[in-house]
Amino acid sequence: EAGVTQFPSHSVIEKGQTVTLRCDPISGHDNLYWYRRVMGKEIKFLLHFVKESKQDESGMPNNRFLAERTGGTYSTLKVQPAELEDSGVYFCASATGRYTQYFGPGTRLTVL
Amino acid sequence: KQEVTQIPAALSVPEGENLVLNCSFTDSAIYNLQWFRQDPGKGLTSLLLIQSSQREQTSGRLNASLDKSSGRSTLYIAASQPGDSATYLCAVGLNEKLTFGTGTRLTIIP
């Protein structure tokens with residue numbers, strides 16, 4: 001069974017540009033989560049989807065971040081426009097209910 | 001607001017020793033607690049999940065315990081091996097989101 005996959009693995013963009021990160025959860029997992037770790041800090045929750053619905057987006061830092069999960073399958077996280085403080089590693093995880101969350105390898109975003 | 005602390009931040013032990021990693025959290029109203037390992041440049045690998053009603057979970061050489069009332073969890077690794085070298089993270093779950101600690105970087109010395 002394939003695990004959680006994320007694309008790209010690394011993205012380098014300039015301040016003000018737009019970047020879209022993609023996450024493909026484990027097949028059959030209705031719950032999809034986005035987290036991120038900025039340099040030197042702990043991993044922090046961004047938002048949670050159940051199928052295509054946003055269940056909790058309390059961790060989204062501001063309105064420059066937009067997450068979607070069309071059709072309840074893969075999800076995208078768009079940052080527009082990117083700022084320097086958005087640099088970090090963005091992780092996606094999926095789960096079936098309140099059980100083990102399985103994490104992807106992460107996307108390392110560098111904003112110059 | 002839930003806060004998760006892991007002490008020590010780094011730990012080095014000789015191969016073959018047993019060791020304990022610690023995790024503490026401030027709010028005991030949790031659904032579960034999950035231990036992960038992260039290798040450099042890699043994602044998170046789930047090691048053990050303890051539900052709030054459980055006291056411990058075991059997988060191979062790993063044993064995780066949970067004491068909700070005191071806000072503590074430990075991860076016990078028996079007979080450590082060089083391949084155990086990694087950063088270990090604990091995360092407490094509430095309302096289906098995880099709150100992470102900053103991790104313990106473990107180095108096993110051959």
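Each chain gets a letter, A, B and so on, in the order its sequence line appears, and its residues count up from 1.
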If hydrophobic clusters are built from ILVMFWY residues whose side chains come within less than 4.5 Å, do L21(B) and I50(B) share one? yes
By number, which residues in residues 72-93 of chain B have some heavy atom less than 4.5 Å away from chain A? L89(B)
Are L19(B) and L48(B) in one and the same hydrophobic cluster, where Ile, Leu, Val, Met, Phe, Trp and Tyr link if side-chain heavy atoms are under 4.5 Å apart? yes
Scored by heavy-atom pairs under 4.5 Å with chain A, the best of L44(B), T99(B), L49(B) is L44(B)
With clusters defined by side-chain heavy atoms of hydrophobic residues (ILVMFWY) lying less than 4.5 Å apart, directly or transitively, does F100(B) cluster with W35(B)? no
So, the part of T102(B) with a heavy atom under 4.5 Å from chain A: the answer is both
What are the residues of residues 49-61 of chain A, in order of number, with any heavy atom under 4.5 angstrom from a heavy atom of chain B? D56(A), S58(A)
Same cluster for V4(B) and I43(A) if Ile/Leu/Val/Met/Phe/Trp/Tyr side chains link at under 4.5 Å? no
For residues 103-112 of chain A, give me every residue with a non-hydrogen atom less than 4.5 Å from any non-hydrogen atom of chain B. F103(A), G104(A), P105(A)
Can F65(A) be reached from V38(A) by stepping across I, L, V, M, F, W or Y side chains whose heavy atoms are under 4.5 Å apart? no
Portion of K97(B) that has a non-hydrogen atom of chain A nearer than 4.5 angstrom: both
Show me the donor-acceptor pairs within less than 3.5 Å that the side chains of residues 30-37 of chain A make with the rest of the protein, sequence neighbours left out.
residue: N31(A); atom: OD1; partner: H48(A); partner atom: NE2; Å: 2.8
residue: N31(A); atom: ND2; partner: A95(A); partner atom: O; Å: 3.4
residue: Y33(A); atom: OH; partner: E96(B); partner atom: OE1; Å: 3.4
residue: W34(A); atom: NE1; partner: S75(A); partner atom: OG; Å: 2.9
residue: Y35(A); atom: OH; partner: Q101(A); partner atom: OE1; Å: 2.9
residue: Y35(A); atom: OH; partner: L98(B); partner atom: N; Å: 3.1
residue: R36(A); atom: NH1; partner: Y90(A); partner atom: OH; Å: 3.0
residue: R37(A); atom: NH2; partner: Q38(B); partner atom: OE1; Å: 2.6

